[in-house]
Amino acid sequence: MDTPPTDRLPRTVDWAGDHLVAIDQTRLPHELVLVELRSVDDVIDALVRLVVRGAPAIGVTGGLGVALAAVLAEHDGHDAVWVQNQAARVRSARPTAVNLAWGVDRVLALLTDVVDPAPLVAEAVRMVDEDVATNEALARRGAAWLRGRVGAPLRILTHCNAGGLACVEWGTALGVVRALHEAGDLLEVVADETRPLLQGARLTAWELDRMGVAHRVVVDGAGATVIARGMVDAVVVGADRVAANGDVANKIGTYPLALAAARAGIPFVVAAPESTVDLSTATGADIVLEERDPDEVLSWRGVRHAPSGTTAWNVAFDVTPHDLVSALVTEQRVIEPAVGERPG
Ligand code: MRU
């Protein structure tokens, strides 16, 4: 599909009449390219390869994927059981972000015995629009909490990409950054590069650059030193699943930042929509951590840098215990797990 104009960013993922359109995040920052997802296999492939990634964007894509299955069922003469089976396939594309199951289930709930795609499409499109409003609300709430707790202007450390690319337009952690920046309350962002797929160096840096935010990228191993040297005032990250006790799953490398923040006495803030809070998961120990292809660690863009006999444990997420989370900011509330408040 054509490269869109770069002055105004298209939505990360959207509905286009009878299929999905998404920014191909594997090609950023070098190319801003939209891809069309016209089959359920296309949707699953986009989720697995991180063409679309980030918990809220994954959730919206799940909902749109079910709507697409219903449209295809009506066109090709499949029944409701077929749609349910396709929805189950989409739901299991990635295990850690609860938003995926949330998005799939929300749209699937409108499936009737005789497949009528219209209400499913309408619900999925509603999810796209809601995501923008939800994340703007939580971003402004998070910015206000930080101003109240730390003051301004602020220097922020973030990990992975929790920006507009991880949602539909407004980000979560980078939404907080955007709100601070627009208010003139931001000095600098330090972005972890985020091994092995470089969501920080490729995507967060790209978004910060577009926003005109002063920023630097550091290797993941430098995060604790950035904190210990007093180079940032707070750590702000997104989340893939928040357990009922306040434990937080997010991109691998988040937990060490929380430890370092606690040691240095600076806030560790998690910005996430309510759809990321999973009250049916009691603690972080119950969260399935996605394990990906070892080649993502052992090679870069197809070029192997580890010895041929070496293998890897490519765990994509970690769990930060609730006692290290200064604030969990959603579109509805701020809770402070470190002082005993719980989401559930
Ligand atoms: O593997 P990814 O790139 O989907 O991981 C994304 C993250 O870990 C984000 O921090 C999280 O989903 C929050 S996005 C607002």
Side-chain angles (χ1 to χ4, degrees), residues 12-13 22-26 28 46-62 93-103 131-132 134-139 142 156-179 191-207 220 223 235-242 248-258 268-278 284 287-293 296-297 314-320 325 328-331:
T12 302
V13 60
I23 296 176
D24 184 346
Q25 299 190 39
T26 66
L28 286 170
L47 290 167
V48 170
R49 288 195 305 111
L50 311 195
V51 169
V52 182
R53 33 104 2 238
I58 290 174
V60 168
T61 303
R94 296 189 73 189
T96 305
V98 69
N99 305 63
L100 180 56
W102 169 86
D131 185 86
V132 180
T134 294
N135 290 310
E136 180 174 355
L138 77 85
I156 304 282
L157 174 66
T158 192
H159 188 67
C160 195
N161 172 267
L165 289 169
C167 307
V168 172
E169 274 183 23
W170 268 82
T172 59
L174 275 201
V176 174
V177 161
R178 175 175 164 183
D192 278 356
E193 65 173 349
T194 315
R195 286 279 299 153
L197 297 177
L198 303 186
Q199 288 94 328
R202 293 189 303 109
L203 308 177
T204 297
W206 185 75
E207 289 199 48
D220 293 356
V235 177
V236 185
V237 296
D240 287 84
R241 191 181 297 240
V242 180
V248 173
N250 191 49
K251 178 55 57 188
I252 190 75
T254 301
Y255 176 31
L257 299 176
F268 177 85
V269 177
V270 175
E274 289 288 335
S275 53
T276 304
V277 179
D278 178 17
I287 298 174
V288 176
L289 302 178
E290 180 180 5
E291 294 180 28
R292 297 180 59 84
D293 186 342
E296 290 180 349
V297 173
N314 186 12
V315 60
F317 297 93
D318 63 21
V319 172
T320 298
V325 180
L328 168 66
V329 182
T330 78
E331 71 275 24

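First listed ligand is number 1; within each ligand, the first listed atom is number 1.
- Of all atoms in ligand 1, numbered sequentially from 1 with element shown, those under 4.0 Å from a heavy atom of Ala162 are 14 (S), 15 (C).
- Here the closest non-hydrogen pair linking Val270 and Ala239 is CG1-CB, 3.7 Å.
- In this structure, Ala239 counts as a contact residue of ligand 1, since one of its heavy atoms falls inside 4.0 Å of the ligand.
- Residue Leu47 comes nearest to Arg94 through the heavy atom pair O-CD, 3.4 Å, listed as atom of the first residue, atom of the second, then distance.
- Taking every non-hydrogen atom of Phe317 and a distance limit under 4.0 Å, the qualifying atoms of ligand 1 come out as 1 (O), 5 (O), 8 (O).
- Atoms of ligand 1 found under 4.0 Å from any heavy atom of Lys251, numbered from 1 in the order shown, are 1 (O), 2 (P), 5 (O), 8 (O).
- Using a 4.5 Å heavy-atom cutoff, the side chains of Thr204 and Gln199 are not in contact.
- Here the closest non-hydrogen pair linking Cys167 and Ala57 is O-CB, 3.5 Å.
- The protein heavy-atom contact nearest to atom 11 (C) of ligand 1 is Asp240 OD1, 3.1 Å.
- Closest protein heavy atom to atom 3 (O) of ligand 1: Arg53 NE, 2.7 Å.
- Here is the list of ligand 1 atoms found below 4.0 Å of a heavy atom in Gln199: 1 (O), 2 (P), 3 (O).
- Here is the list of ligand 1 atoms found below 4.0 Å of a heavy atom in Arg94: 1 (O), 2 (P), 4 (O).
- Across Leu138 and Pro273, no two heavy atoms sit closer than the pair CD2-N, 3.5 Å.
- The nearest non-hydrogen atom to atom 14 (S) of ligand 1, considering only Gly59, Gly238, Ala166, Gly163, comes from Ala166.
- Close approach to Cys160 involves these atoms of ligand 1, each under 4.0 Å from a residue heavy atom: 5 (O), 6 (C), 7 (C), 8 (O), 10 (O).
- Nearest to atom 15 (C) of ligand 1 among the protein's heavy atoms is Thr172 OG1, 3.0 Å.
- Atoms of ligand 1 lying under 4.0 Å from at least one heavy atom of Ala55, given by number and element, are 12 (O), 14 (S).
- The nearest non-hydrogen atom to atom 9 (C) of ligand 1, considering only Thr204, Val52, Asn250, comes from Asn250.
- The minimum heavy-atom distance between Gly163 and Leu174, with the atom names listed, is CA-CB, 3.4 Å.
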Worked check of side chain to side chain donor-acceptor pair (under 3.5 Å) between Asn135 and Thr172: CA-CA 6 Å; Asn135 290 310; Thr172 59; 5.7 Å; no
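- Proximity of a side-chain donor or acceptor of Asp318 to a complementary backbone N or O of Tyr255 within less than 3.5 Å is detected.
- Between Arg241 and Asp278 there is a salt bridge, with a side-chain nitrogen of the basic residue lying less than 4.0 Å from a carboxylate oxygen of the acidic one.
- Ligand 1 has Pro56 within reach: a non-hydrogen atom of the residue lies less than 4.0 Å from it.
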